[in-house]
Structures are given as C-alpha cells and as structure tokens.
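Questions regarding the structure given below will be posed in turn.
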Amino acid sequence: MIQEIYNELYSSFGPQHWWPVTAEGKLHPEYSGGPKNNLIDIKKIIKIKNEKLAKIIKSSGYHNQKAKKLKNFCMFLSENYGGKLNSLFKKDINELRSELVSVNGIGPETADSIILYAAKKPIFVIDAYTKRIINRIGYKESKYEEIQKLFMQSLPNSEKLFNECHALLVELGKNICKKSPLCSKCPISAHCSYYKTIYTPKREV
DNA sequence: TACCAGGTCCTCG
DNA sequence: CGAGGACATGGT
C-alpha cells in the first residue's frame with residue numbers, strides 16, 4: 001500500500017531532487033548565505049552574537065529561537081566531536097539519533113533530517129504533511145515514531161528512496177492534501193479513506 | 001485578507 | 001502523556 005502510494009506519487013510528480021541542493025562539494029551562490037557572512041564554519045557560528053546571527057537568518061522565521069538552537073547544535077558538535085560532522089556520522093544510527101534529540105532545539109524531525117540528508121543514512125523523516133496525509137488515507141498511527149515505523153517497514157531500506165518519498169509527500173501535502181484538501185487533483189485518492197467518505201455518501205439500509 | 005509553513009519547547013491538566 | 005501556546009517572517 002505505502003509502496004504503491006510512493007509509486008503513484010513518483011509517476012505524477014517526478015523526481016523532486018531535494019538533496020543535494022547543490023553540486024557536490026559546492027555552495028549554492030544564493031542559498032549559502034553568500035560570501036558576506038562566511039559562516040559555513042562551526043567555530044564562527046559559535047562566536048557570532050545571537051542578535052547578529054538572528055538578523056542573518058531572519059527571513060526563515062522564528063529567527064531568535066533558531067539562532068540559539070543553531071548555536072546549541074554547534075556547541076554540541078564542538079564539545080563532543082571536535083566540531084567535525086564526520087566523526088558524528090560514524091556513530092551507530094540509533095545512538096546518533098538519541099544524541100541529536102538530546103540537544104535543545106533538535107526534535108525528532110530535525111534529528112532525522114540531519115541523519116537522512118546530511119549523513120545520508122536511511123531513516124524516514126515525518127513531518128506535519130506526512131501525518132495529515134497518512135491519517136486521511138486511513139492509518140490510525142498518530143505518534144511520530146509509529147508513523148515512521150509504518151514507512152520504514154513498508155519500503156526498501158534505501159536512503160535515496162526515503163529522501164525522494166519524503167519530498168513527494170511534502171509536494172502532495174503542500175499543494176493538494178492541504179488543510180482544506182483538493183481531492184480532485186490528488187493522484188492517490190483511490191487509496192484514501194477520507195476521499196471515500198467525502199465522495200461516496202452513505203445510503204440508507 | 002487570513003491561514004499556514006520542510007518544528008520545538010514549555011506549561012498545564 | 002496530550003493539548004495548547006509562543007516563537008515571527010514570508011508565501012499564496
């Protein structure tokens with residue numbers, strides 16, 4: 001079922017090429033923050049003032065909180081791993097996840113995103129879109145880890161596939177399976193119990 | 001004009 | 001535990 005949903009989303013939307021965002025080893029000229037800030041460096045992020053960092057990331061929203069939390073992660077990396085992502089990513093995937101989640105500012109989704117997109121290890125990222133979609137389809141799971149298990153037990157254990165599948169779900173959730181859903185445009189409505197309730201009125205017995 | 005985002009933390013019951 | 005609020009700018 002989950003596998004079929006993935007297949008149909010992929011057929012409809014095509015590859016989303018979410019990650020890597022840039023060519024291997026290169027920074028995106030626009031999205032890296034540009035040469036002015038020169039902050040792709042753990043030590044520099046630790047040193048910069050919260051207010052200054054917040055100003056730089058302002059357009060992302062929640063910038064004051066995010067500035068602190070970004071620095072928390074850099075501090076964690078610096079204190080425990082010599083500021084090297086590589087040594088962090090050598091860890092066992094489950095240990096890595098629990099360590100990341102213990103950092104204030106990194107919740108389950110962010111931890112899994114780091115593991116999937118930065119460490120390139122197979123773990124399935126669950127976001128608000130995915131929860132909404134999966135619940136409308138008819139699955140009862142509500143907790144993050146439960147929904148994650150559902151995907152990971154239904155799909156091949158592939159980092160590339162998890163990456164693509166998550167991106168496809170975001171595309172569906174953002175543009176079609178919205179809070180107020182556009183079911184007529186949905187490529188997987190045939191599998192959806194919400195769609196069936198709406199478009200197949202009950203009749204009297 | 002409203003509503004919501006590729007969340008997380010904290011507080012309260 | 002689960003729900004609800006705070007954080008805050010930008011896209012549609």
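Naming: A, B, ... by sequence-line order, numbering from 1 per chain.
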Next on the checklist: At 4.0 Å (heavy atoms only), tell me whether A:K174 reaches a base, stays on the sugar-phosphate, or touches nothing.
Outcome noted: sugar-phosphate
Checklist entry - Is a side-chain donor or acceptor of A:K71 paired with a backbone partner of A:I48 at a separation under 3.5 angstrom? => result yes
Next on the checklist: What is the first contacted nucleotide of DNA chain C and what is the last, in 5' to 3' order, if contact means an atom lying under 4.0 angstrom from a heavy atom of chain A?
Outcome noted: C:dC7 to C:dG10
Checklist entry - With sugar-phosphate meaning primed atoms plus P, OP1 and OP2, does A:H63 contact a base, only sugar-phosphate, or nothing at under 4.0 Å between heavy atoms? => result sugar-phosphate
Checklist entry - Is it true that A:E159 and A:K121 make a salt bridge, defined as a side-chain N closer than 4.0 Å to a carboxylate O? => result no
Checklist entry - Between A:S12 and A:E8, is there a donor-acceptor pair closer than 3.5 Å when you use the side chain of the first and the backbone of the second? => result yes
Checklist entry - If you count the non-hydrogen atoms of other residues, nucleotides and ligands that lie under 6.0 Å from NZ in A:K58, is the total more than 12? => result no
Checklist entry - Mind checking the P distance from C:dT12 to B:dG7? Whole angstroms is fine. => result 16 Å
Item to check | Distance in angstrom units between A:N175 CG and B:dC4 P, rounded | outcome: 15 Å
Next on the checklist: Taking B:dT1 as the reference, what is the distance to C:dA8 when you measure between their P atoms (whole Å, please)?
Outcome noted: 23 Å
Checklist entry - How close do A:K185 and A:I176 get, heavy atom to heavy atom, and via which atoms? => result O-CD1, 3.5 Å
Checklist outcome for this item: Each nucleotide of nucleotides 8-13 of chain B classed B (base within 4.0 Å of a protein heavy atom), S (only sugar-phosphate) or -, in 5' to 3' order, makes SSS---
Next on the checklist: Nearest whole Å is fine: how far is B:dC4 P from A:K131 NZ?
Outcome noted: 16 Å
Checklist entry - Between A:I133 (CD1) and B:dA5 (C1'), how many Å, whole number? => result 14 Å
Checklist entry - Relative to the 5' end of DNA chain C, which residue comes earlier, A:K66 or A:S142, by the nucleotide with the nearest heavy atom? => result A:S142
Checklist outcome for this item: Residues passing the salt bridge (Lys or Arg N to Asp or Glu O under 4.0 Å) test with A:E146, sequence neighbours excluded, are A:K143
Next on the checklist: Has A:R136 got a side-chain atom pairing as donor or acceptor with A:C192's backbone, closer than 3.5 angstrom?
Outcome noted: no
Item to check | A:R132 vs B:dA5: side-chain N/O to OP1/OP2 distance below 4.0 Å | outcome: yes
Checklist entry - Relative to each other, are the rings of A:F151 and A:F124 parallel, tilted or perpendicular (30° and 60° limits)? => result parallel
Checklist entry - Under 3.5 Å, side chain of A:K66 to main-chain N/O of A:S60, donor-acceptor pair present? => result yes
